[in-house]
Amino acid sequence: MSIPANGRTTTRRTGLSLPPDLPLSEWRHLGQQIHVIADSSAWWLGDWLVFGQEHYPDRYRQALKQTSLDYQTLRNYAWVARKFEPGRRRGKLSFQHHAEVAAFPEPEQEEWLTRAEEGGWTRNALRRQIRMRRQSPEAAQEPGVVQVNVVAERRIRWERAAEIAGLGLMDWIIQMLDEAADDPVPHIPGRAADPPALGA
């Protein structure tokens, strides 16, 4: 899997060069390809590590040192890869979705991954649903009703944004609210952002 270099878009180990007149459709497609490669690389590293553990136990740690990759991160990749043989991995979900449920028994893994797949949940949405189930099983299974009245112009804008994202309007609204809840720092127009903390 690679990003095609068409003479206008070029890839290097340290960067991606894009032409200034790149059409929006091509830019979106490129972003999807990059996402797939980035997500796939976690599985690839996990499978590579599992293979190394099984076939080269005496050289495994030496090989890891030669990659200059973080040992704990690699251990996590291998752990998730072991929990999900390739036939059980969901192509519509990210590696991180699988990592969220990797510690569960297999039937529970399947239940949560199916729910995430069918609901179009982000990784953070899956995490919240799991937390809700642990805190109150009844609350997680009984969705509440929220009604919002908006002017037609705003609804049209939302519907366009949902269509661009490839989602239904309600799924898009829920995703936007979930993302806002994950980063609930209020934005006050006209106020400069707080400076980053030292060492951040």
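All values below were derived from every heavy atom in this structure, side-chain atoms included, with hydrogens, water molecules and symmetry-related copies excluded.
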May I ask you to decide whether [X] forms a salt bridge with [Y], counting only side-chain N to carboxylate O separations under 4.0 Å?
X	Y	result
R90	E117	yes
E100	R128	no
K92	E118	no
D47	R82	no
E106	R88	yes

How many angstroms lie between atom [atom1] of [X] and atom [atom2] of [Y], to the nearest 0.5 angstrom?
X	Y	atom1	atom2	answer
L113	R89	CG	CZ	12.0 Å
Q33	S40	CD	OG	11.5 Å
R28	Q32	CZ	CD	9.0 Å
I34	H29	CD1	NE2	10.5 Å

Any side-chain heavy atom of [X] within less than 4.5 Å of one from [Y]?
X	Y	result
H98	L93	yes
T10	L16	no
L45	T73	no
F104	I130	yes

List the atom of [X], the atom of [Y], and the distance in Å for their closest heavy-atom pair.
X	Y	answer
G46	A81	C-CB, 3.7 Å
A102	Q109	O-NE2, 3.0 Å
A103	W79	N-CH2, 3.6 Å
R12	S17	NH1-OG, 3.0 Å
A78	V50	O-CG2, 3.8 Å

Same cluster (ILVMFWY, side-chain, under 4.5 Å), W44 and F51: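 Result: no, two separate clusters.
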
Verify same cluster id: L49, Y56 (apolar side-chain graph, 4.5 Å):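 No, no single cluster joins them.
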
Backbone of S94 reached by a side-chain donor or acceptor of R123 within 3.5 Å: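 No.
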
Candidates F95, W43, W48 - the one meeting ring-ring contact (aromatic ring centres under 6.0 Å, His included) with Y77: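 Testing each of F95, W43, W48 against Y77, the sole residue satisfying ring-ring contact (aromatic ring centres under 6.0 Å, His included) is F95.
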
Could you tell me whether [X] atom [atom1] has more than 12 heavy atoms of other residues or ligands within 6.0 Å of it?
X	atom1	answer
E54	CD	yes
R157	CZ	no
R155	CZ	no

Stepwise side chain to side chain contact (heavy atoms under 4.5 Å, CB included) test for R115 and E111: CA-CA 6 Å; R115 293 183 67 191; E111 175 195 350; 4.2 Å; yes

Aromatic ring proximity, centroids under 6.0 angstrom, W112 and H97: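 Ring centres of W112 and H97 not closer than 6.0 Å.
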
Under 3.5 Å side-chain donor-acceptor pair for R127 and Q96: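 Per modelled atom types, R127 and Q96 side chains form no pair under 3.5 Å.
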
